[in-house]
Amino acid sequence: MGRLLPDVHRELHRVNVLGDVVAIELSIQGTFLGPFETPAGVIQPTGAKLDIPTADFWYVRDSKIQEFNCHIGMTAMFAQMGVLPDFASAVTSSAAER
């Protein structure tokens, strides 16, 4: 994220503690100033401001973090970057496989 959004920061919205699990609702925010490498090639930066919905889950045991999972709203991120899905190609590809 640091290369994609050099000014990246996180805004925390809610923190919930459920036993040994800490669930955090947040946004990853920044400006799309770095190249975004994909399997199809590099998407050049547009300068778009991104505000990506995210959820973090921290699993704690004996006061130590055992596991950390971060789930990023990729569909929202791609839409804000101006990267629209190519459903037509996906449909054609899956039909050819049948």
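Hydrogens, waters and symmetry mates are skipped; everything else that's a heavy atom, side chains included, is used.
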Test of understanding: clusters of I, L, V, M, F, W, Y form through side-chain heavy atoms closer than 4.5 Å, transitively. Do Met77 and Leu33 belong to the same one?
no
Can I get a per-line list of side-chain donor-acceptor pairs under 3.5 Å for residues 56-76, giving both atom names and the distance, sequence neighbours left out?
| residue | atom | partner | partner atom | Å |
| --- | --- | --- | --- | --- |
| Asp56 | OD2 | Arg10 | NH1 | 2.6 |
| Glu67 | OE2 | Asn69 | ND2 | 3.0 |

Test: side chain to side chain donor-acceptor pair (under 3.5 Å). Region: residues 33-44. Which pairs qualify, not counting sequence neighbours?
none
Which side chain to side chain donor-acceptor pair (under 3.5 Å) pairs, counting each pair once, include a residue from residues 16-29, with sequence neighbours left out?
His9-Gln29, Glu11-Gln29, His13-Ser27, Arg14-Glu25, Ser27-Asp51, Gln29-Asp51
Would Met81 and Thr46 count as a side chain to side chain contact (heavy atoms under 4.5 Å, CB included) here? Give the steps.
CA-CA 7 Å; Met81 290 170 64; Thr46 63; 5.8 Å; no
Can you get from Val15 to Leu26 by hopping between Ile, Leu, Val, Met, Phe, Trp and Tyr side chains that sit under 4.5 Å apart?
yes
Val83 side chain near Phe36 side chain, heavy-atom distance below 4.5 Å:
no
How many angstroms lie between atom CD1 of Ile28 and atom CG of Leu4, to the nearest 0.5 angstrom?
10.0 Å
